[in-house]
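What follows is a set of notes on a single structure, which appears directly below.
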Amino acid sequence: MRLITWNVNSIRQRLPRLLGVLGRHEPDIVCLQETKVADDAFPLAEVEALGYGAATFGQRSYNGVAILARHPIAEVARGFPGDPVPEEARVIAATVAGVRVIDVYVVNGKEVANPAYEVKLGWLDALTRWVSGVEDPNLVVTGDFNVTPTDLDVHDPAAWAGRNLASDPERERVRRLLDDGLTDLGRTAAGTAPGPFTFWDYRAGAFHRGWGLRIDLVLARPAVAARLRSVTVDRDERKPTAGEGKPSDHAPVIVDLDD
DNA sequence: ATGTCACTTTACAAGTGA
């Protein structure tokens, strides 16, 4: 089984690349973030033409998540109980091929000194409370966490020390998710090697300069983690020249599991 | 750290969010 998570930063802008990713990688499940469209504007017919169904939880302009799959999508849930910002479309869950998938777009937080950072911490607390009560042993929690779990996930730890996306309080929140029985599949696959990075800021030529972060995560309970075969990042999708149209600032993360 | 991108609007430039 192949699962992809990708923050597309507008599905309208990224549709040609998304269709290319579906055709090239043939994933079973795709978790998207920052679709930035209401559900009635989601390009459903285009993904259906490639054999995929979709469950969407969108909103205009900001946020928005979706789960695509070439298998039946069951028990769809939008949002989660206890969400501190329920007006923002950040979480969708569904069961596909025996796996309970929770697709998240975590609050960015802007900067540590910004009130949005406190919202981020509270949101992660609420997410963890909810996830810990989800009974399914075949659970995957994946998406754009907007947190680098450790310094291995930062291109320049000294430059990022204490800053949003790399600060201790937010890392502690991710640590609690892991302590609650989830394995970080990207880190498991990479061992002690840095990265693999999944996000490069559009500004300052960050991709070209290698200024990457690993903030797009796939967390799984033991029954799923035991099936881990590989985790790769499709860096070509971050290149302006590869593919059709402009790139997202995130690259797709591809996880292969034993069937 | 900030060489950009995508969104929206008392829109055709500027603010916001990332």
Side-chain angles (χ1 to χ4, degrees), chain A residues 5-21 31-43 46 56-66 83-91 103-124 143-148 151 153-167 170 173-174 194-195 197-217 235-253:
Chain A
T5 182
W6 190 18
N7 179 323
V8 290
N9 184 22
S10 171
I11 195 163
R12 286 183 294 191
Q13 295 300 318
R14 224 61 62 203
L15 184 58
R17 285 191 181 245
L18 173 64
L19 298 179
V21 164
C31 293
L32 303 176
Q33 303 88 36
E34 284 207 89
T35 54
K36 298 188 176 181
V37 291
D39 290 340
D40 60 7
F42 192 92
E46 288 86 344
T56 61
F57 183 37
Q59 70 182 89
R60 203 177 76 136
S61 309
Y62 304 113
N63 311 309
V65 285
D83 186 345
V85 285
E87 68 277 14
E88 300 183 357
R90 295 184 174 276
V91 172
D103 177 18
V104 305
Y105 173 50
V106 175
V107 173
N108 176 286
K110 298 181 190 288
E111 294 177 342
V112 169
N114 192 295
Y117 179 80
E118 296 302 323
V119 175
K120 178 186 198 174
L121 297 183
W123 196 92
L124 283 165
D144 178 359
F145 280 75
N146 272 315
V147 180
T148 54
D151 275 353
D153 305 307
V154 181
H155 68 94
D156 184 346
W160 280 90
R163 299 182 51 197
N164 185 45
L165 308 183
S167 67
E170 58 192 303
R173 294 332 192 262
V174 171
F197 303 135
T198 65
F199 162 83
W200 298 261
D201 199 295
Y202 281 127
R203 294 165 291 182
F207 181 69
H208 181 70
R209 296 160 86 150
W211 293 354
L213 304 174
R214 190 177 71 93
I215 58 178
D216 298 277
L217 309 179
R235 291 172 52 96
D236 284 347
E237 282 304 329
R238 183 60 183 82
K239 296 176 181 172
T241 51
E244 188 181 341
K246 293 180 177 179
S248 171
D249 43 1
H250 296 248
V253 179

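Model, not experiment: these values are computed from the prediction. In the text below, chain A, chain B and the rest are named by the order of the sequence lines, each starting its count at 1.
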### Exercise: do A:Glu34 and A:Ser248 side chains pair donor with acceptor under 3.5 Å
no

#### Entry: Passing candidate, side-chain hydrogen bond (donor to acceptor under 3.5 Å, both in side chains) with A:Gln33, options A:Asp144, A:Thr5, A:Asn7
A:Thr5

### Task
Taking atom P in both B:dG3 and B:dC7, compute the distance separating them and give it to the nearest angstrom.
22 Å

### Task
Mind listing the residues from residues 6-21 of chain A sitting with a heavy atom below 4.0 Å of DNA chain B? Number order is fine.
A:Asn9, A:Ser10, A:Arg12, A:Gln13, A:Arg14

### Query
What closest approach, in Å, do A:Ser167 and A:Gly162 show between heavy atoms, and which atom pair accounts for it?
CB-O, 3.6 Å

### Query
For atom CD of A:Glu87, is the number of surrounding heavy atoms from other residues, nucleotides or ligands below 6.0 Å larger than 12?
yes

### Query
Hey, are A:Glu237 and A:Arg17 close enough for a salt bridge, meaning a charged N less than 4.0 Å from a carboxylate O?
yes

### Summary
The first and last nucleotides of DNA chain B lying within contact of chain A, meaning any atom under 4.0 Å from one of its heavy atoms, run from B:dA1 to B:dA18

### Query
Checking all strands, does A:Tyr105 fall into the base, sugar-phosphate, or nothing category for heavy-atom contacts under 4.0 angstrom?
sugar-phosphate

### Task
Using the P atoms only, state how far B:dG17 lies from B:dT10, rounded to an integer number of Å.
15 Å

### Query
Are any of the side-chain heavy atoms of A:Arg14 and A:Asn9 separated by less than 4.5 Å?
yes

### Query
Are A:Trp160 and A:His155 close enough that a side-chain donor and a side-chain acceptor fall under 3.5 Å?
yes

### Task
Let me know, please, whether A:Lys246 or A:Gly205 comes out on the 5' side of the other along DNA chain B by nearest nucleotide.
A:Gly205

#### Entry: Beyond-backbone contact of A:Val147 with A:Arg173, side-chain heavy atoms, under 4.5 angstrom
no

### Message
Work out how far the P atom of B:dA11 is from that of B:dA6, and round it to whole angstrom.
### Response
23 Å

### Query
Want to settle it: does A:Tyr202 or A:Trp160 sit nearer the 5' end of DNA chain B, counting the closest nucleotide to each?
A:Trp160

